[in-house]
Amino acid sequence: MPEEEPQPARRRRTRLYALTDGRTAAPHTVLTMDTTITAAVAEDALGGLPTEWQDILAMCAVPGGLAVAEIAARTHIRLTPMALLLGELADRGLIHHRPPLEGAETTNVHLLMRIRDNLARI
């Protein structure tokens, strides 16, 4: 009879209501799915926080940051609960959040034409 390989230990997930102190809506911060999130604390200061919070803060390290929808996808938590959880983190000062850029800020035609022309020269 062949020996079975040991199965990796599965982490037990904390219930969402425990992570948000039972809140069902963020009291101050409302986030959309395309809001960019960055950690407001250093990775070495995450010691006493719940594991799920530590995971989120680690993946949103400065300078990059991630959109709310991407964090939800990576953590396998639905979008609405993730927005609530991130709102809780924002209210506690653990994350910074930035709304998405306005359309005018992302579609500078002259800049795009300069980039295209410079790429053509390479």
Side-chain angles (χ1 to χ4, degrees):
M1 177 182 231
E3 288 187 37
E4 291 185 26
E5 291 184 29
Q7 297 294 322
R10 296 182 95 174
R11 268 188 7 188
R12 187 175 183 163
R13 292 182 75 164
T14 306
R15 299 264 183 203
L16 182 62
Y17 63 81
L19 295 172
T20 60
D21 294 333
R23 294 183 187 158
T24 57
H28 300 15
T29 306
V30 178
L31 304 170
T32 61
M33 64 185 274
D34 50 354
T35 300
T36 301
I37 304 295
T38 53
V41 294
E43 282 192 50
D44 58 351
L46 303 179
L49 298 176
T51 306
E52 290 82 359
W53 291 14
Q54 291 180 24
D55 293 345
I56 291 168
L57 293 170
M59 74 175 71
C60 296
V62 175
L66 295 173
V68 171
E70 188 169 354
I71 298 167
R74 288 183 181 196
T75 57
H76 306 288
I77 297 175
R78 290 178 303 195
L79 189 57
T80 300
M82 179 52 69
L84 173 64
L85 178 56
L86 291 171
E88 181 71 22
L89 294 178
D91 291 346
R92 292 175 183 246
L94 297 172
I95 61 170
H96 297 293
H97 54 93
R98 179 179 50 82
L101 298 174
E102 294 296 324
E105 295 175 354
T106 60
T107 57
N108 182 335
V109 174
H110 297 292
L111 174 63
L112 293 174
M113 288 171 58
R114 284 195 344 240
I115 292 170
R116 180 200 63 195
D117 294 342
N118 287 327
L119 287 173
R121 288 184 207 156
I122 294 179

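Residue numbers run from 1 in the order of the sequence given.
Separating the CG atom in Leu85 from the CZ atom in Arg78 is a distance of 13.0 Å, to the nearest 0.5 Å. Taking OG1 of Thr36 as the reference point, atom CZ of Arg98 lies at 4.0 Å (rounded to 0.5 Å). Note that the CZ atom of Arg116 and the CG atom of Leu119 stand 10.0 Å from one another [nearest 0.5 Å].
What you find for Gln54 and Leu49 is that their closest heavy atoms are NE2-O, 2.7 Å. The shortest heavy-atom contact between Ile95 and Leu86 is CD1-O, 3.2 Å. Closest of all the heavy-atom pairs between Ala39 and Leu57 is CB-O, 3.5 Å. Closest non-hydrogen pair, Cys60 versus Ile37, comes out as CB-O, 3.7 Å.
Contact annotation: the side chain of His97 never approaches that of Val68 to less than 4.5 Å [non-hydrogen atoms, C-beta and beyond]. By the 4.5 Å heavy-atom criterion applied to side chains, Glu52 and Ile77 are not counted as neighbours.
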Stepwise, does the side-chain contact (heavy atoms from CB on, under 4.5 Å) test hold for Ile56 with Leu94? CA-CA 10 Å; Ile56 291 168; Leu94 297 172; over 6 Å; no
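Heavy atoms from other residues, nucleotides or ligands lying under 6.0 Å from CE of Met33 number 12 at most.
The hydrophobic clustering, which links ILVMFWY residues whose side-chain heavy atoms are closer than 4.5 Å, places Leu79 and Met59 together.
For the side chain to side chain donor-acceptor pair (under 3.5 Å) condition, no pair includes a residue of residues 56-69, sequence neighbours left out.
Annotation: side chain to side chain donor-acceptor pair (under 3.5 Å) contacts of Arg114 (sequence neighbours excluded): none.
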